[in-house]
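Worksheet for the structure shown next.
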Amino acid sequence: METPVSTAVSTPDARVTVRCTYREAMRAAIREAMHRDPRVFLMGEDVGRYGGSFAVSMGLLAEFGPERIRDTPLSESAFVGAGIGAALVGMRPIVEIMTVNFSLLALDQILNNAATLSHMSGGQFSVPLVIRMTTGAGRQLAAQHSHSLEGWYAHIPGLKVLTPATLEDARGMLWTALEDPDPVLIFENGVLYNMEGDLPDDAGPVEISHAAVRRHGDDLTLITYGGTLPKTLEAAERLAKEDIDCEVIDLRTLRPLDTDAIVTSVSRTTRAVVVDEGWRSGSISAEVSARIVEGAFYRLDSPVLRVCTAEVPIPYAKHLEDAALPQVETIMAAVRQSVASDG
Amino acid sequence: METPVSTAVSTPDARVTVRCTYREAMRAAIREAMHRDPRVFLMGEDVGRYGGSFAVSMGLLAEFGPERIRDTPLSESAFVGAGIGAALVGMRPIVEIMTVNFSLLALDQILNNAATLSHMSGGQFSVPLVIRMTTGAGRQLAAQHSHSLEGWYAHIPGLKVLTPATLEDARGMLWTALEDPDPVLIFENGVLYNMEGDLPDDAGPVEISHAAVRRHGDDLTLITYGGTLPKTLEAAERLAKEDIDCEVIDLRTLRPLDTDAIVTSVSRTTRAVVVDEGWRSGSISAEVSARIVEGAFYRLDSPVLRVCTAEVPIPYAKHLEDAALPQVETIMAAVRQSVASDG
Amino acid sequence: MSIPAQAPGQVAATSPVSKEHALELLRSMLRIRRFEERCVELYSEARIRGFLHLYIGEEAIAAGVMPALQSDDPIVSTYREHGHALARGIPMNAVMAEMFGKVQGCSHGRGGSMHLFDAATRFYGGSAIVGGGLPLAVGVGLGELMQQRHTVTASFFGDGAVAEGEFHECLNLAALWKLPVLFLCENNRYAMGTAIERALANVDVTAKAAAYNIAAEAVDGMDVLAVEDATRRAADAVRNDGPRLIEFHTYRYRAHSMYDPELYRSKEEVERWRDYDPLVTFPAQLRALGYLDDVSLTAIEHEIAVEIDAAIAYADAGTLEPVSDLTRFVYSETRPA
Amino acid sequence: MSIPAQAPGQVAATSPVSKEHALELLRSMLRIRRFEERCVELYSEARIRGFLHLYIGEEAIAAGVMPALQSDDPIVSTYREHGHALARGIPMNAVMAEMFGKVQGCSHGRGGSMHLFDAATRFYGGSAIVGGGLPLAVGVGLGELMQQRHTVTASFFGDGAVAEGEFHECLNLAALWKLPVLFLCENNRYAMGTAIERALANVDVTAKAAAYNIAAEAVDGMDVLAVEDATRRAADAVRNDGPRLIEFHTYRYRAHSMYDPELYRSKEEVERWRDYDPLVTFPAQLRALGYLDDVSLTAIEHEIAVEIDAAIAYADAGTLEPVSDLTRFVYSETRPA
Ligand SMILES: Cc1ncc(C[n+]2csc(CCOP(=O)(O)OP(=O)(O)O)c2C)c(N)n1
Ligand SMILES: Cc1ncc(C[n+]2csc(CCOP(=O)(O)OP(=O)(O)O)c2C)c(N)n1
Ligand SMILES: [Mg+2]
Ligand SMILES: [Mg+2]
């Protein structure tokens, strides 16, 4: 039995597609939002004249002007808080934190203000704010520039946490997030920006409450999100050649988690491996594992396994960084181990 | 089969004991450390003239003077960073962050500096720093003053995370933490400060690498730490009257987790319930569950269950706050559910 | 201007004041004072719980600031905000019910004393992280400006908040973007038990404002007329060309929260400040002007007592939210317009 | 003193300088410049990876500051720290090996360009969070003071860091506690693509220091003698009575990191600043003084080239740490003394 888990998977039909990168899809999403709603504006370090540290907002300053494409001083707490305040009084800010590594400086505003204001005020106020940030390792940026904390942020009630891993989601999640009355964090994994593919010409909003099955399979469920989706899909393809048929679930939204999609798939395949770029202990992969056990314990044929990032501040040297992160080979090894073990 | 998991449980022998509170035990630990090592000093908001916002450091300013009992301005990032720097060059600072709720303002220093410096420098430097903070809810302090984030901090490699839940541990963990070459976070649950009991006169350091069995039992393992230990023990006692014999494990240290102790106990009892004051999703209870599944899957007779805090910013109204937190009754209900279900 | 702890804060008639308005100001201060005095009793009866931070001694600020603002000017406050809330016009019933944890409370019983919110009066809380309201206020100001609303966002904070990084980031951002934010520092000389001299290398908050090119003024916060006058001038300036800061010199007579051993200051110091109590000096001034006599004062006191009694009755009669509603409001129930 | 972008930064002979010392300073600057020029090549060959922030244009600061400090004075730096590291005396071999990710690197290959560390020279990194080194430096200063070491902790940071809350908190704490910290602001007018005018409401960093009662001086950061002189005076002052701040006016000729489209400034502006290039003006001055001629310059260049070649060879020959050691150093291997 299988439930439809997402409307985000585009069906191969007669739609016109354009070739573009994840970065361009993101930029198109911002442009669309700016055109569609005058209350939307973009604010963050170097989003304007520099064009965005990952070039996502390149060209937007010229198109929309400095009132709506706001370069901020280096002051993460102030400008994230400013986004919260502006949202409170009716604007629809998109705040860009250059990378998740710097978001710690704004965490008080995110956790103690953005995530609590609706509840603390008894529902009188809401914070329709979108915070975008780049996340992840893999570019030899070492210990202070390689965090993957999206799963960690998913711990916080009051927030929604999105991790677009496909062009459709890069293109479509922002608008849905902006329509949401509550603060939404969008994590863009840095290794995805140059990912290229075909995107339907009329690609638009996607829903954000369901996980997506990115590959159907019967033997085991691989569960992942964000930057590790491509690696996981590759592992699944290579495992297919070994006659191990994996289902691949892209969580898409880390908060709230789509428990149904996970439990339904694992109940059918009876095995699960969670792939997560977060540090292992206390990562979202642990939560996924716990929910599988809570929801599908009696269907499981082997323990849920996890492929996570080693518990080290990410080292600079390439071979060590590679060894620290989930890789196609380590994913494959975990799958083989799961399939080999039996209750 | 059972391994000895802790040396922290005092054996009832002929030692002289003194009656004291958790707060006094903590204060005695600080005093001892100050006397024992001139490099130790205490720094934080209102630790001096005010006597500590929870009166832990009451009297210490008079005893040790303002050089070693340092009142800081409200500037969490600066004074936590100052502790890191002072530790780097040979001091042994104890930094008090008044409560975990304010620690978010210092999180960049904790995660990007304290936790990384040893690794980033290739082992040239270390940060022998102790950060103490009060954690937890239960006193109607509402959404911004009731966080229980110790499990969340346990995600960070490079840190150690301690949660003393007994008088022995309140008295003994600090010195061990100060002896540790790396940054150690000590979380003191606010509801414990007035807990009273008998402490051996000569109570001293305790090791911090093992969990402790606080109650032996055969039917199910209850796993908890910190502020929920008393509730969990009470639940176990009451369940004993229903002929359900629970083992109670006090994790004591949330990072690194004592997986062996957990897996050994659950392998024997075949059932586990994790009790955790953190918000459910992404809490340390998820990690415990995942590790049980990884290490004892084939011994489990029923799914690991969790009793956590509801996923809401803690409300002010007492009945709602009570409903949000783990309670003796909800723990008992989870245990009964686990015992009733069978594979 | 800076008020040394020793010098008496003279009530300067900085602006001519009508009898009617003067009595309104007195009434406003007295209402806050009496309200909080009753809160103390209710707290010791455990009918109010959690933290309770009293504003007693500082009433001249809230009472003087609010009339100088317009009804659509947003307010961002702290955890010591009963005075701000009442002077702003949040009904006393709703404030009291909030502290009783009732659904009829201005935050639905979820916030308590530290988190009073009210959409009707644009009162954006009640923030209990020191300095945490400043970024919010800057954002509110930004949002108002971008929507051309021509309001002034009033941001209250204490002397303790001045040392926090947020103060710096926010003053800079507000000045850089010329945001319509009025920064109102309530300098009561202490952050919990930490005297300002042990918290700030330079205790002159107005000097700090200069580092951001923000015009600032120090004002006797025990003088309600001076407060109102300064606020009116500053708010005008903000409406026209960006942020201003006022440092109000004031004093809290009570413990930081409900209990604290007050080891950090002497009884004499507290007594010295009693001479400047606005609820002593202002009535005296009004009597001298012939605006007030025993009869009229008693009438005001009576009115206030009646209001407080009613508020307690209202709060008492209020309902507790059903536990099944616990997770309401974590996420908003309606999509925004 | 403040250097407008237009006015030429004259090399002022603020202190009489010996030929030997002058040549040392030149050598130090040139060594940094040539080292980084080679790093650019190595980066395009992908032998150096990650982020690489060049100091080219700013060499006079590192070269002038370091001789004014003592060998046990701790240094806390940023991610743009090759110059600081080399001038401080971390062997070039170890710096290069670090950027090659080799065990022989000064951070064991774990840090890379942004995280150079060296216990022997008390070089406490290499911090890549803007402003994140400031609290650390304050703590180092505190630790030194409490251990009566009489050192000066030098804390480098950029103009961009000035807007961060940490700047404010740390200047206040250092001043309040009279900590022996020397704050060294390398104001190169940009934080990535953000010109200082678009980041700070008041661009005068020395004026900010005044808000904490910290004495401060603005110095021509393109003039190595002025840098050295000012640092020497400031370090003396710090050693005796607490923190000082120097704002060095300087310029970065290259992209922020290795690549950036540099849309945020004009080619003309960059060219204008070329006139003040310390590696143009200082040699010219030395030639005028008769300290330098083609022959001696060629000799210096040659020596440096040899050193760089050797460093590359050293780094190349270095070893990669075994993958099995991945989790080493997450926790310290030895208990502290
Ligand atoms: C960031 C943060 N740190 C610490 C606290 C604990 N705390 C609550 S109020 C207070 C003192 C604040 O003093 P001030 O800003 O002067 O305001 P006042 O209480 O005097 O009105 C402290 C330290 C807090 N709420 N937030
Ligand atoms: C807290 C933080 N925010 C953002 C960044 C990204 N970033 C790296 S360098 C930089 C500019 C810093 O400018 P400045 O302090 O002037 O130093 P410079 O690069 O000019 O030497 C930025 C925004 C960061 N590293 N840390
Ligand atoms: Mg105060
Ligand atoms: Mg700069």
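Since the model is a prediction, treat every value here as computed from it, not as a measurement. Reminder, nothing fancy here: chain letters follow the sequence lines and each chain counts from 1.
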Checklist entry - Quick one: of L117(B), I84(B), D108(B), who has the most non-hydrogen atom pairs under 4.5 Å with chain D? => result D108(B)
Checklist entry - Under a 4.5 Å heavy-atom cut-off, does chain B meet the side chain of L171(D), its backbone, both or neither? => result neither
Item to check | chain B contact via L145(D) - side chain, backbone, both or neither, heavy atoms under 4.5 Å | outcome: neither
Checklist outcome for this item: Residue from V127(B), L88(B), T116(B) scoring the most non-hydrogen pairs under 4.5 Å with chain D is L88(B)
Checklist entry - Quick one: of A119(D), A174(D), G111(D), who has the most non-hydrogen atom pairs under 4.5 Å with chain B? => result A119(D)
Checklist entry - Okay, side chain of D73(D), backbone of V152(D): is any donor-acceptor separation there less than 3.5 Å? => result yes
Next on the checklist: To the nearest 0.5 Å, what is the distance between CZ on R68(B) and CG on L61(B)?
Outcome noted: 12.5 Å
Checklist entry - At a heavy-atom separation under 4.5 Å, does S127(D) approach chain B through its side chain, its backbone, both, or neither? => result side chain
Checklist entry - Any sub-3.5 Å donor-acceptor pair from D258(B)'s side-chain atoms to A211(B)'s backbone N or O? => result yes
Next on the checklist: Just so I understand: if I count every heavy-atom pair under 4.5 Å between each of T327(D), V76(D), V138(D), D118(D) and chain B, which residue has the most?
Outcome noted: D118(D)
Checklist entry - Taking the six-membered ring for Trp, are the ring centroids of Y55(D) and H82(D) within less than 6.0 Å of each other? => result no
Checklist outcome for this item: Looking only at P73(B), S121(B), A114(B), most heavy-atom pairs under 4.5 Å shared with chain D are made by S121(B)
Next on the checklist: Can you tell me which of V103(D), L179(D), V140(D) forms the most heavy-atom pairs within a distance under 4.5 Å of chain B?
Outcome noted: V140(D)
Checklist entry - Between G83(B), A78(B), P38(B), which residue shows the highest count of heavy-atom pairs closer than 4.5 Å to chain D? => result A78(B)
Next on the checklist: Is F123(D) close to chain B through its backbone or its side chain, or both, or neither, when contacts mean heavy atoms under 4.5 Å?
Outcome noted: backbone
Checklist outcome for this item: Highest number of heavy-atom pairs under 4.5 Å with chain B among G105(D), G126(D), G139(D) belongs to G139(D)
Checklist entry - Parallel under 30°, tilted from 30 to 60°, perpendicular over 60°: which one fits the rings of F51(D) and H53(D)? => result perpendicular
Checklist outcome for this item: Among R149(D), E98(D), R122(D), the residue with the most heavy-atom pairs under 4.5 Å to chain B is R149(D)
Checklist entry - Going by an N to O cut-off under 4.0 Å, is there a salt bridge joining R49(B) and D71(B)? => result yes
Checklist entry - Can the positive tip of K160(B) be found less than 6.0 Å from the middle of the six-membered ring of Y331(D), inside 45° of the ring normal? => result yes
Next on the checklist: How long is the straight-line distance from CE of M98(B) back to OG1 of T72(B), given to the nearest 0.5 Å?
Outcome noted: 8.0 Å
Item to check | Top contributor to chain B contacts, counting heavy-atom pairs under 4.5 Å, from Y124(D), F329(D), W177(D) | outcome: F329(D)
Checklist outcome for this item: CG (L105(B)) and CD (E169(D)) are apart, to the nearest 0.5 Å, by 7.5 Å
Next on the checklist: If I measure from the heavy atoms of chain B, does E166(D) come under 4.5 Å with its side chain, its backbone, both, or neither?
Outcome noted: side chain
Next on the checklist: What's the separation between atom CD1 in I246(D) and atom CZ in F183(D), rounded to the nearest 0.5 Å?
Outcome noted: 12.0 Å
